[in-house]
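Comments concern the structure below.
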Amino acid sequence: MIEIKKLHKSYPIGKDKLHVLKGIDLHIKEGEFVSIMGSSGSGKSTLLNIVGLLDEHDEGEYYLNGQLIDNLNEKKAAILRNKFLGFVFQSFNLISYKTALENVALPLYYKGMARKERLKIAMEYLEKVELGPWANHLPNELSGGQKQRVAIARALVTQPKVVLADEPTGALDSTTTDNVMDLLRDINNEGMTVFVITHEEEVAEQTKRVVRLKDGVIISDELTKTKTI
Amino acid sequence: MFDIDRWREIFQSISKNKLRSVMSGFTVAFAILLFTLLFGVVTGLSNSFSDAFADDAQNFMSVRVWRTSKPFKGLQTGRRIQLKNKDFDFVKEEYDSNIQHLTARINKNVNISYKNKQDNYSLQAVHPDHQFLEKTIIDEGRYINNRDLIEKAKVIVIGRLVKQDLFGELPAIGKRVNVSGISYQVVGVFSDEGGDNEERKTFMPVTTAQMIYGNNDNLSQIVIGYDPKLSLDEAIAFGNKMERDLRKKLDIHPDDQSALSIQNMAEANKGVGTFVIALYFIVIFIGSGTLIAGIIGISNIMIFVIKERTKEFGIRKALGAQPSSIVGMVVQESVLITTIAGYIGLSLGTYILSLESLNKTLAEYFIKDPSVSPSIIIGATVTLIVSGLIAAYVPAKIAAKIKPIVALRAD
């Protein structure tokens, strides 16, 4: 599903360059539940952004769903994101003036789906995250956990190949963290590839494979022993 | 391309952000309001000017004679100049190509009576073309015609107020009136936009007057309507040439204004025209300045709005929005706001210009019927749409170019 070979990425800082990713090799197959662990500055967010086509890599190869990602323009990247990827962010990133339902339906709007149909599908997904009764509430009327569930519904609504979650529990307390992780596991159990970035050991433990990143290189890549279903 | 979803997005964005929409709309509405008012006032001023000359045709030109003020070829100062039929014929033949209408005029004051009513009126003996030069409007019957001239017919065309004085509400056409002792048949009643004095006049054929009043071929004036195809400069040149030729023909010193002069509407029109053009120029300058200030105001607000929405655009892009859809959304929103606001300004402006009480006050300052023409309205609308486009396009294009990762980080 995701295949990365010798990936390099650096950011210019003044005249110097900050080498963030120093040759990453990673292969994630369809249906995996992977977490990338690392402290801040380890390059894990950069990796996610590149995988999520929100940023471009400098060197190496990246195949998404078998397609080589190279010299994408904004338009092509937008189409690929819409088709293959679903995002869950740490800060939820819901549009504040749209209701939960409209937020969930937005990716379908960019897919070109008719309004009636996309609202119907969005409602199904909201019900899936148990937020049906909150469909017409604005994000600021929801709790943090509810917002993140709306964001997850929004990430799933286009039935993407991969769900990318960037510190999905970073802004949540431990109870809601567990809820969100349960939800992500359920999604994975239905066959979706889930790719989580975190610096919390407890979160990583709940995934099936943990990749540890330090200073831009992978230091370990192992399957978790617990809870195999 | 009508996209109901796009419009829904725009209306949602506008209604959820009322303050900023109203703010950006206000600048444009105000600019257009000022523009409309300025334009209306200048139109009013130019209306006043053209009205001052509305009595006569715009291509009016008349030859007047009096006494000489300079000796010439041994002839003395103070000699009285008299126009004759041969001078009329000379003008007719010599300048035929430059003339649209031509008439002679003999001015008299006469006493007219019908039954027991009578009064003094001014009489002008004329050719049929006189109707067009004086902009005489025939209400009933007809004007003097060529047959009257040939037959030296004793017919008279009377002004609306003359008819009212003598006939009241009774019909006048076909009735005979007594003009200083001679009986004439009324063949027409006319009105004139030049005011009451113009409607107290009467007209008869020039040949009839020459036969009855002195049995000579004297004329008081020659009145010409120059070919409207002539430019103002050509018409002025034509008037000057005719003035020189006639002075030469009548043995008048070439510079003797008193003996013979030509009053030329082209000269007056040129002066007024230049003045009005200058006024419009000033208004267009100030008006477009105001509009540009409005556009810059909108641009500023759009830049702020787009900065504020950068994160939202980042989210939209992460969800699959293409850059063109972001630019399109912002531009469409801006055009909508500018157009609506502009129309509010325009309608408010036109409404103010149409206020009765305001117009009465303005009339005292020589501003008559201030208004904006449809072409100006269309022009302003196009300007608005274009300015809305420009105001939003540049900042939106920049915003859409920001990488989603950078946009998402924005706060």
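Naming: A, B, ... by sequence-line order, numbering from 1 per chain.
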Examine whether an atom of A:Tyr97 lies under 4.5 Å from a heavy atom of chain B, and if so say whether it belongs to the side chain, the backbone or both; otherwise answer neither.
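Both backbone and side chain of A:Tyr97 come within 4.5 Å of chain B.
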
Contact origin within A:Ser96 toward chain B - heavy atom pairs under 4.5 Å
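Neither the backbone nor the side chain of A:Ser96 comes within 4.5 Å of chain B.
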
Over 12 non-hydrogen atoms of neighbours within 6.0 angstrom of NZ in B:Lys397:
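It does not: B:Lys397 NZ has 12 such atoms or fewer within range.
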
Tell me if the CZ atom of B:Phe281 is crowded by more than 12 foreign heavy atoms within 6.0 Å.
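Atom CZ in B:Phe281 is not packed in, count stays at 12 or less.
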
How close do A:Tyr110 and B:Gly320 get, heavy atom to heavy atom, and via which atoms?
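In terms of heavy atoms, the two residues are closest at CB-O, 3.6 Å.
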
Residues of residues 28-35 of chain B with any heavy atom under 4.5 Å of a heavy atom in chain A
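Listed by number: none.
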
Any pair counted as salt bridge (Lys or Arg N to Asp or Glu O under 4.0 Å), so long as it reaches residues 129-142 of chain A, sequence neighbours left out:
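The answer is none; no pair qualifies.
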
Among A:Leu108, A:Asn103, A:Leu106, A:Asn93, which residue meets the side chain to side chain contact (heavy atoms under 4.5 Å, CB included) test with B:Leu319?
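Among A:Leu108, A:Asn103, A:Leu106, A:Asn93, the one meeting side chain to side chain contact (heavy atoms under 4.5 Å, CB included) with B:Leu319 is A:Leu106.
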
Selection from B:Ala318, B:Ser15, B:Pro323 maximising heavy-atom pairs under 4.5 Å formed with chain A:
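Result: the option with the highest number of such pairs is B:Ala318.
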
With a strict 4.5 Å heavy-atom criterion, list every residue of residues 36-54 of chain A that contacts chain B, or say none.
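Expected list: A:Asn49, A:Leu54.
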
Of all the residues in residues 69-84 of chain A, which have a heavy atom that comes within less than 4.5 Å of a heavy atom in chain B?
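Checking residues 69-84 of chain A against chain B gives A:Glu74, A:Lys75, A:Ala78, A:Ile79, A:Arg81, A:Asn82.
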
Side chain / backbone / both / neither for B:Arg316 at chain A, heavy atoms under 4.5 Å:
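Interface part for B:Arg316: both.
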
